[in-house]
Amino acid sequence: MMKESLIILGVAGAVQALDKRQGFNQSIPASTTLDGTAIENPTAYATPFVLNVEDMWDLLIGPVATAATTTTVSPTPVPSSSLIPPPPLYYSPFPTGAQHPMEPKNESWSFPKDFWWGVAGASYQIEGAAKADGRGPSIWDVLSHRVAGFIHDNTTADISDNNYYMYKQDIARVAALGVKAYSFTLSWSRIMPFGRGPVNEVAIAHYNDIISTCIEYDVIPMVTLFHWDLPLALQDTYGGWLSENIVGDFVAYAKVAYAAFGDRVDHWFTVNEPIVFCNDYPLPAMYFKNFSIPNAHQPFLCGQSVLLSHSQAYQVGKAMMPNATISYKNNGGYKIPQTNSSDDALAVQRAWDFNEGWFSDPIFLTGDYNAAVKAYVSSFLRPFTASEKQTILGSADSYAHDAYTAQFYFAPDSGVQACIDNTTHPLYPTCANTSYTYSAQDGGWLVGAAADPLSPWLHKATDWLPAFLHYLADTWAKDLPIVVSEFGFAEPFESSKTLLQDILYDPIRSSYFHDYMRAMLMAMSEGVNVVGCLAWSLYDNYEWATGFSAKFGMQYVNFTDPALPRYYKASFFEYARAFEIYQEK
Ligand code: PNW
């Protein structure tokens with residue numbers, strides 16, 4: 001089905017092929033400036049430069065680092081000495097003579113036999129091989145290479161975990177601990193170096209082999225189409241997600257992926273966390289083509305494009321793969337009213353409305369924005385047409401949520417309504433204040449143990465997970481299954497540890513996974529239909545603007561050793577243990 005269009009033509013040829021596509025250059029006037037004619041408004045004219053992939057790297061990104069290993073590594077079996085679990089936090093199987101109170105198993109809890117538990121990673125964060133095999137640059141190559149001060153520790157993900165070459169070993173290592181599912185992301189600009197047009201067969205072959213390797217190891221492959229690494233060409237051509245031009249391009253890309261992998265992949269996520277990547281707009285000035293759209297409008301223009309892109313990609317996917325589960329990944333912590341005042345309740349509701357509800361209300365409830373968002377956006381967003389609303393409504397087969405944490409919400413000092421009436425209020429338009437602590441009357445304690453200070457949004461708030469899952473089920477999922485599509489923890493100050501054995505012993509992350517799994521079991525025993533969960537992350541990786549300085553891995557990767565060796569941390573065994581104990585055999 002894809003064969004005819006799927007070869008990179010030689011990159012300059014590919015760009016010319018793109019130019020012929022209708023509309024690609026519609027905003028660029030003819031190059032009359034080159035004939036020497038005097039012009040009235042020089043800024044209205046555009047260059048006729050044609051950049052191939054190499055030019056884009058050279059001119060827009062600059063030199064890129066390459067790993068010591070640049071060929072696919074064969075997997076070596078995980079030695080049994082690496083599979084000995086640590087003495088766990090709550091009881092110990094070690095015959096040391098130490099005494100441990102037993103943790104009783106709750107016999108009324110269980111994970112059903114077909115419950116899938118897995119681990120997740122994402123293309124830009126783990127792959128490395130930035131320029132290999134024709135990959136085009138993404139906006140994150142600009143953010144990490146060019147934008148002064150953007151990355152906390154000045155690192156790039158040029159090499160990162162070198163998963164592009166080491167995936168066989170990576171899959172073997174997760175399979176060795178009994179993990180049932182591996183969730184990874186396709187790099188859009190690997191598959192389509194310009195985000196549209198020619199498809200790179202080498203990239204298709206690469207992801208095909210990841211999928212085959214999963215199947216060989218009896219691990220379910222789960223694929224996300226977009227996890228923030230937008231092809232740079234799309235950002236600089238029309239503003240990326242700011243423009244509805246992206247809808248057709250995203251759907252075309254999704255079709256290529258479904259056609260190539262849909263025979264073996266049943267679990268698909270379209271976009272990861274649109275609340276996060278839409279709020280990344282405006283991108284830093286001076287590094288991307290300028291589209292002069294008011295800053296405050298940009299996240300919502302992005303959101304509009306996401307709803308159209310996701311819903312159309314969903315419908316196309318269901319037509320091509322009727323048995324697939326397709327959804328998108330939402331995110332955000334549970335929102336706890338800090339007091340029982342009615343104004344705090346209102347603030348909590350507006351926080352749901354402007355975050356999860358921004359996408360979930362249209363997709364799961366009505367086909368359109370909720371009233372609070374609509375009141376805000378209607379002056380600058382066009383309304384959805386009736387047929388768009390129909391396409392959006394019901395465009396998900398599960399409710400997938402990246403459910404890491406919880407925090408408290410309360411009304412602004414002036415009250416919620418005064419904020420809504422004052423467009424210059426710093427909390428406008430959401431008009432909800434947040435805190436990580438209980439109220440002063442309740443002692444002012446933190447909601448739970450803090451993660452690394454570089455991930456200040458994250459606390460261990462597993463006590464709130466049952467309420468959280470009930471809320472998602474009652475509000476949006478209803479009869480649809482819930483997938484906890486990411487959860488995990490950045491062990492505080494892990495990057496300042498130096499001894500290997502110290503790094504591998506991660507007690508707060510271990511207690512996070514221990515308590516998280518039991519809280520999930522509790523909610524499931526109360527009737528919440530969670531069908532699977534994906535821990536973030538399979539190993540330490542590039543934590544976006546935090547670089548390598550905050551660590552979410554359940555495996556340590558020694559980034560200073562060119563061989564990039566991986567080691568299981570104690571938390572990985574803690575996660576696996578929950579299923580040894582509670583999953584029906
Ligand atoms: C996720 N929150 O982002 C991303 O999908 C991953 O790429 C990232 O590495 C991981 O979490 C750890 O940060 C989130 O505020 C960003 O609730 C923000 C939130 C949750 C997840």
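First listed ligand is number 1; within each ligand, the first listed atom is number 1.
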Pair Asp170 + Arg566: basic N to acidic O under 4.0 Å:
yes
A cation-pi test, strictly: NZ or CZ of Arg173 under 6.0 Å from the centre of the six-membered ring of Phe572 and no more than 45 degrees from its axis. Yes or no?
no
I'd like to check whether Lys329 has a polar contact with ligand 1, where a contact means an N/O of the residue lying under 3.5 Å from an N/O of the ligand.
no
Tyr436 side, atom OH; Trp457 side, atom CH2 - distance, nearest 0.5 Å
9.0 Å
Would Lys131 and Asp141 pass as an ion pair if we require N to O under 4.0 Å?
no
Pair Tyr399-Asn330, side chain to side chain contact (heavy atoms under 4.5 Å, CB included): steps then yes or no:
CA-CA 8 Å; Tyr399 194 85; Asn330 224 316; 3.5 Å; yes
Per the side-chain contact (heavy atoms from CB on, under 4.5 Å) rule, which among Ser511, Ser510, Pro507 passes with Glu574?
Ser510
For ligand 1, which atoms, with element, lie under 4.0 Å from some heavy atom of Glu543?
8 (C), 9 (O), 12 (C), 13 (O)
To which protein heavy atom is atom 4 (C) of ligand 1 closest, and what is the distance rounded to 0.1 Å?
Glu486 OE1, 3.4 Å
Kindly confirm or rule out an N or O of Asn541 lying under 3.5 angstrom from an N or O of ligand 1.
no
Quick check: His227 and ligand 1, any N/O pair under 3.5 Å apart?
yes
Is Tyr404 in polar range of ligand 1, meaning some N or O pair under 3.5 Å apart?
yes
Would one find an N or O of Trp457, backbone or side chain, under 3.5 Å from an N or O of ligand 1?
no
Per-atom contacts of ligand 1 with Trp544, taking only distances under 4.0 Å to non-hydrogen atoms:
6 (C), 7 (O), 8 (C), 9 (O)
Considering heavy atoms of the protein only, find what lies nearest to atom 21 (C) of ligand 1 and give residue, atom and distance to 0.1 Å.
Glu273 OE2, 3.2 Å
Test log, rule side chain to side chain contact (heavy atoms under 4.5 Å, CB included), inputs Phe489 and Ser455:
CA-CA 9 Å; Phe489 199 74; Ser455 302; over 6 Å; no
Interatomic spacing from CH2 in Trp268 to OG1 in Thr325 - rounded to 0.5 Å
12.5 Å
For Phe552, atoms of ligand 1 separated by under 4.0 Å from a heavy atom:
12 (C), 13 (O)
Give the numbers and elements of all ligand 1 atoms closer than 4.0 Å to a heavy atom of Asn272.
5 (O)
